[in-house]
Amino acid sequence: MLTKREELFGGTPDEYLSHKEKYENSTRKAVILFSLLRKIQEENNTDLTNYRNLLSGVLGASISQDGSPFGLHYIMFMPVFMSQADEEQQERWLHRALNCSIIGSYAQTELGHGTFIRGLETTATYDPSTQEFVLHSPTLTSYKWWPGGLGNTANYCIVIAQLYSKGECHGIHSFIVQVRDEDTHMPLPGIKVGEIGVKMGLNAVNNGFIGFENVRIPRTNMLMKHAKILEDGTYVKSKNSKLIYGAMVFVRVVIVFDSVNYLAKAITVATRYSAVRRQSQLKEGEPERQILDYVTQQDKILTAIAGCFAMKMNARMLWDTFNVINDQLHKGNMERLGELHALACCLKAISTSDSSLFTARCRVSCGGHGYMVSSTLPATSALTTASCTYEGDNTVLLLQTARFLLKTWRQIDTGPLTPTVEYLKTVSAPGFSYKWENSIEGIIRGFQIVSMKKISSCLNLMTAKVMSGMSQADAWNTISIQLVSAGESHCRAIVISTFHEDMSKAMRSMSASLAEVMGQLVELYAVYWTLERLGDLLEYTSISGADVVKLRSWYEELLRKIRPNAVGLVDAFDIIDELLQSTLGAYDGRVYERLMEEALKSPLNAEPVNQSFHKYLKPFMQGKL
Ligand SMILES: CCC/C=C/C(=O)SCCNC(=O)CCNC(=O)[C@H](O)C(C)(C)COP(=O)([O-])OP(=O)([O-])OC[C@H]1O[C@@H](n2cnc3c(N)ncnc32)[C@H](O)[C@@H]1OP(=O)([O-])[O-]
Ligand SMILES: Cc1cc2nc3c(=O)[nH]c(=O)nc-3n(C[C@H](O)[C@H](O)[C@H](O)COP(=O)(O)OP(=O)(O)OC[C@H]3O[C@@H](n4cnc5c(N)ncnc54)[C@H](O)[C@@H]3O)c2cc1C
């Protein structure tokens, strides 16, 4: 009999399965995994964080390299339900959702609209005579498109629709909708549901489409924690209309953790492989060198390791900030909602785009073998690139951060600022004097100044354009490249300072030798991004050509110092081989043997001569065609 481990990780590699087989296999594996998780949940009575940790990045992606059909149930359906359903609704559905007797999805995006959610077309019209909502998809573009797990897995779904009552539209709201029969799994009447087809990656996620033809659901299926519809159709407003977006903020926070996990996987593979792989002689007559000894290779890999640690600490900071502000929201204090939204937006954008960039670099750093699916680098790359789009396109999210920053800058003289933007006040104070310094503190100050000057420049540009007769909206669009750049600089200043401050605190309880390496990683991250953003720093700070020369040699020195600890640093992520599933990254370093073992699993190696030789090649080669 197969062990659970063999059931989960054995069998034909996913890449040799058809789209349909891949889905069926990933459902089989998801059921094994989640029945284990359900047991842990029941026995330990732990909270959702358990599930989140297990699902995110490393595990979610590794059971099948292409994601999991249950992912959305945990990552979106449950958190949205918990944050938007009232007590009665939670009582009715939450236990069933937690133990998976119902499986849910989250249907917001439509064929015609993803970013602009106020433009969604699905309608939910209240009928007081029956106390029901009528859900309807009036056009093809109003069909929901993308919801994970909705294709063939979920039987319930949270649907975002424009709420109409007494002839008035009250904007988008959330509804829990049964999609399929709980026993037969057949779609319910009036519901057209299916799967959207093959994508660049995440093909086991079972993304779906859904359309409604005047489908009736009870009034009590509107999630009513914030806004309500009374029996007679009276609409009761939420304290803050943006609270309906709350779950998106939560998921963006979770995604920052995920992007760290994906990157940890990619750099574990690239670093271990770079220690095993030998190529070229550095000096004539010497043995071939480990490719990790080449400084250009260190530039690709060690910076990714530093980036991963930097984001890990920032993910924690964001999580803590989320919890603090969320507590305030529960007590009715909405003061810091805008700040939380702006912080989650920019950290989601920067963590996913860095993770995508560094993962692609890890792929390239493994040469041809990194292009093999069995290395897992292509799948990890596909995952990280998807995260730049889902839960808010990164450009759009940085524009949201810029919106908050400009608003903050307008109010700079009116009182104290919230913690994540407090630095703007410091670096713009009348007596503030600053000279570039090649130190971590100097670099952080430099990034803060760049951020402040970009924000102030954007506001000046906006004002000038509006004064010259341009509308606010056109002025915003005209300078939006600079706005995105301001959002990025603000975020980079936060990431570097958080990494420095939080690591300095953590280092106090580390051994001296460990603290030394961690300090080097902080320096590497800061110096790397300084060199990457020299244009900004030269424009807005007093950094000189001579400083840049010194920074370059500081950078090379750091690479040299960190090199001997590279493998130890990725081993510390402790990703077991079964989760890594990589021919190049396994702990024992048997790269070539594993590549050959995997190649031999190809169905094309199952017989010495493929039938296509007799059918096509032979007649063609013998001139008979
Ligand atoms: C995990 C893998 C699965 C993936 C699943 C998915 O992808 S699911 C699908 C995921 N889909 C997406 O992620 C879609 C991405 N799109 C969106 O999130 C929104 O449509 C938008 C934010 C881009 C614009 O929205 P809009 O046109 O309504 O907004 P506006 O620009 O007119 O600003 C108005 C005010 O609202 C404020 N505010 C805005 N959001 C929040 C918030 N969350 N909290 C608090 N506040 C927020 C904003 O700061 C501004 O405040 P101000 O300055 O007036 O004080
Ligand atoms: C793998 C994956 C899983 C997903 N899962 C789900 C899910 O489970 N449920 C769900 O509801 N959705 C899901 N989505 C949808 C996802 O949330 C959307 O794709 C995303 O929000 C972007 O919307 P869009 O695709 O319509 O792009 P668009 O909004 O059309 O964006 C296209 C381009 O236009 C630009 N753009 C748009 N608006 C602006 C603006 N105001 N200013 C400047 N530029 C702009 C963007 O920057 C981008 O370059 C998923 C998507 C992916 C890829």
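In listed order, ligands and their atoms are each counted from 1. What you are looking at is a predicted structure, and each value in this text was computed from that prediction instead of being measured. Heads up: numbering here begins at 1 and tracks the sequence. Quick note: numbers below take in every heavy atom, side chains included, and nothing from hydrogens, waters or symmetry partners.
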Q. For atom 41 (C) of ligand 1, which of K407, M248, H341, H113 has the closest heavy atom?
A. H341
Q: Would you verify that at least one protein heavy atom lies under 4.0 Å from atom 41 (N) of ligand 2, or report that none does?
A: no
Q.
Among V396, N394, I160, which one puts a heavy atom closest to atom 36 (N) of ligand 2?
A. V396
(Q) Evaluate Y106 for polar contact with ligand 1, using N/O atom pairs at a separation under 3.5 Å. (A) no
Q: Please work out whether the ring planes of H170 and Y235 are parallel, tilted or perpendicular, with thresholds of 30° and 60°.
A: parallel
**Q.** Closest to atom 27 (O) of ligand 1 (judged by heavy-atom distance), picking from R118, Q108, E391
**A.** R118
Q: Return a yes/no value: protein heavy atom under 4.0 Å from atom 33 (C) of ligand 2?
A: no
Q: Would you check whether W145 has a nitrogen or oxygen atom less than 3.5 angstrom from a nitrogen or oxygen atom of ligand 2?
A: no
Q: From atom 23 (C) of ligand 1, work out which of V80, V396, L406 has a heavy atom at the shortest distance.
A: V396
Q) ligand 1 versus K348, non-hydrogen atoms closer than 4.0 Å: side chain, backbone, both, neither? A) neither
Q.
If you take the nearest heavy atom of each of R252, M76, E339, R403, which one is closest to atom 30 (P) of ligand 1?
A. R403
Q) What atoms of ligand 1 come within less than 4.0 Å of a heavy atom belonging to L72? A) 3 (C)
Q | ligand 2 contact on N207 by region, counting heavy-atom pairs under 4.0 Å | A | side chain
**Q.** Identity and separation of the nearest protein heavy atom to atom 43 (C) of ligand 2
**A.** L399 CD1, 3.7 Å
Q: Determine, counting only non-hydrogen atoms of the protein, whether one lies under 4.0 angstrom from atom 46 (C) of ligand 2.
A: yes
**Q.** Of the listed options Y390, W146, F404, closest to atom 2 (C) of ligand 1 (non-hydrogen atoms)
**A.** Y390
